[in-house]
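The block underneath contains the structure these notes are about, expressed in structure tokens.
Side chains included, hydrogens not; waters and symmetry mates left out as well; all remaining heavy atoms used.
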Amino acid sequence: MSFRTGHVGLNVTDLDKSKDFYQRVFGFTVAGESQQDGRRSTFLAQDGTLVLTLWQQSEGRFAAALPGLHHLSFQVADLAAVRKAEAVIREIGATLHHDGVVPHGEGSSSGGVFFEDPDGIRLEIFAPDGGGDRPAPTSGAPTCGFF
């Protein structure tokens, strides 16, 4: 038996704001929307495949100190795709960590950009060759564990 991630469901505070964010940064399209018991949700897809479901049913900000999601990571083909996403992240003013693209670790060819969505959910867009020309962060942990 083997497993792979189907889609990911995230709780958000403002569905419209989050939907716009994920559409702009990732290029996802709306595959459907729902409302049940006063809770709204949006289903986001890429190339016809469901990737992310957003549920408007939360208050506050993402709590990194509590058990649960550490970060959500998305792989792209190459550094050019990472840089394209970084430009959008900067344009919309999202919280960006490490001031842009960094390698996953010292000497690593893989790397990417680390940032937050409107609710503070930690995200990564990386590529196998996405380390760029910058040094690895010196937080004492790999970038996937830097938050």
Side-chain angles (χ1 to χ4, degrees), residues 1-34 40-58 61-147:
M1 184 178 330
S2 66
F3 297 92
R4 67 179 179 89
T5 303
H7 72 279
V8 174
L10 298 175
N11 289 334
V12 300
T13 58
D14 182 328
L15 185 62
D16 296 324
K17 186 176 185 178
S18 293
K19 178 173 56 172
D20 181 59
F21 173 87
Y22 283 96
Q23 286 181 290
R24 288 189 63 192
V25 173
F26 295 93
F28 295 151
T29 59
V30 175
E33 297 185 301
S34 176
R40 294 173 51 219
S41 59
T42 296
F43 306 92
L44 299 174
Q46 183 175 44
D47 300 324
T49 300
L50 181 62
V51 176
L52 200 60
T53 304
L54 305 174
W55 297 89
Q56 183 172 307
Q57 59 185 20
S58 298
R61 300 260 314 148
F62 177 78
L66 297 176
L69 178 74
H70 183 273
H71 72 284
L72 183 56
S73 176
F74 295 88
Q75 183 173 344
V76 294
D78 53 32
L79 180 58
V82 175
R83 293 263 186 230
K84 183 177 177 184
E86 177 188 15
V88 174
I89 293 161
R90 288 181 186 280
E91 176 184 307
I92 64 176
T95 298
L96 181 64
H97 295 273
H98 304 304
D99 194 33
V101 176
V102 293
H104 280 129
E106 204 57 51
S108 175
S109 63
S110 68
V113 64
F114 300 85
F115 59 105
E116 296 177 12
D117 83 351
D119 290 301
I121 296 171
R122 301 174 308 187
L123 302 166
E124 169 190 11
I125 297 175
F126 80 97
D129 71 340
D133 57 358
R134 298 194 50 216
T138 58
S139 64
T143 49
C144 284
F146 80 93
F147 293 105

Please step through side chain to side chain contact (heavy atoms under 4.5 Å, CB included) for the pair F43 and V51, ending with a clear verdict. CA-CA 8 Å; F43 306 92; V51 176; over 6 Å; no

Do R83 and V101 pass the side chain to side chain contact (heavy atoms under 4.5 Å, CB included) test, and can you show the C-alpha distance, the side-chain angles, and the key distance before you say yes or no? CA-CA 7 Å; R83 293 263 186 230; V101 176; 3.4 Å; yes

Just do the side chain to side chain contact (heavy atoms under 4.5 Å, CB included) check on Y22 and L10 with the steps written out, would you? CA-CA 11 Å; Y22 283 96; L10 298 175; 3.4 Å; yes

Passes side chain to side chain contact (heavy atoms under 4.5 Å, CB included), H71 versus I121? Steps please. CA-CA 7 Å; H71 72 284; I121 296 171; over 6 Å; no

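Closest heavy-atom contact between A45 and A31: CB-CB, 3.9 Å. A127 approaches A77 most closely through the heavy-atom pair CB-C, 4.2 Å. Of all non-hydrogen atoms in K19 and V30, the two that sit nearest each other are CD-CG2, 3.8 Å. Closest approach of V82 and G112 over heavy atoms only: CG1-CA, 3.9 Å. Closest approach of L50 to L44, counting heavy atoms only: CD1-O, 3.4 Å. For the pair F126 and H104, the tightest heavy-atom approach, listed with the atom from each and the gap, is CD1-CE1, 3.6 Å.
Neither side chain, S109 nor D129, offers a donor N or O lying under 3.5 Å from an acceptor on the other.
Between the CG atom of L79 and the CD atom of E86 there is a distance of 9.0 Å, given to the nearest 0.5 Å. Atom CG of residue L52 and atom OG1 of residue T42 lie 10.0 Å apart, to the nearest 0.5 angstrom. Between atom CD of residue Q57 and atom CG of residue L15 there is a gap of 10.5 Å, rounded to the nearest 0.5 Å. L96 CG to L123 CG: the interatomic distance, rounded to the nearest 0.5 Å, is 11.5 Å. One finds the CZ atom of F26 at 4.0 Å from the CD1 atom of I125 (value rounded to the nearest 0.5 Å). Distance check, rounded to the nearest 0.5 Å: OG1 of T53 to CD of E33 gives 11.5 Å.
At a threshold of 4.0 Å, the pair D99-R90 counts as salt-bridged, since one of the basic side-chain nitrogens sits closer than that to a carboxylate oxygen.
The shortest distance between side-chain heavy atoms of Q56 and S18 does not fall below 4.5 Å. In this structure, L72 and R122 have side chains that are not in contact, with every pair of non-hydrogen atoms separated by 4.5 Å or more.
Checking side-chain atoms of E124 against main-chain N and O of S73 turns up no donor-acceptor pair under 3.5 Å. Between the side chain of T5 and the backbone N or O of H7, no donor-acceptor pair lies under 3.5 Å. For the pair D78 (side chain) and A80 (backbone), a donor-acceptor distance under 3.5 Å is present. Remark: the backbone N or O of S58 is not paired with any side-chain donor or acceptor of N11 at under 3.5 angstrom. A donor-acceptor pair under 3.5 Å is absent between the side-chain atoms of R40 and the main chain of W55, judged by distance alone.
Classified by interplanar angle (parallel below 30°, tilted 30° to 60°, perpendicular above 60°), the ring pair F115/F21 is tilted.
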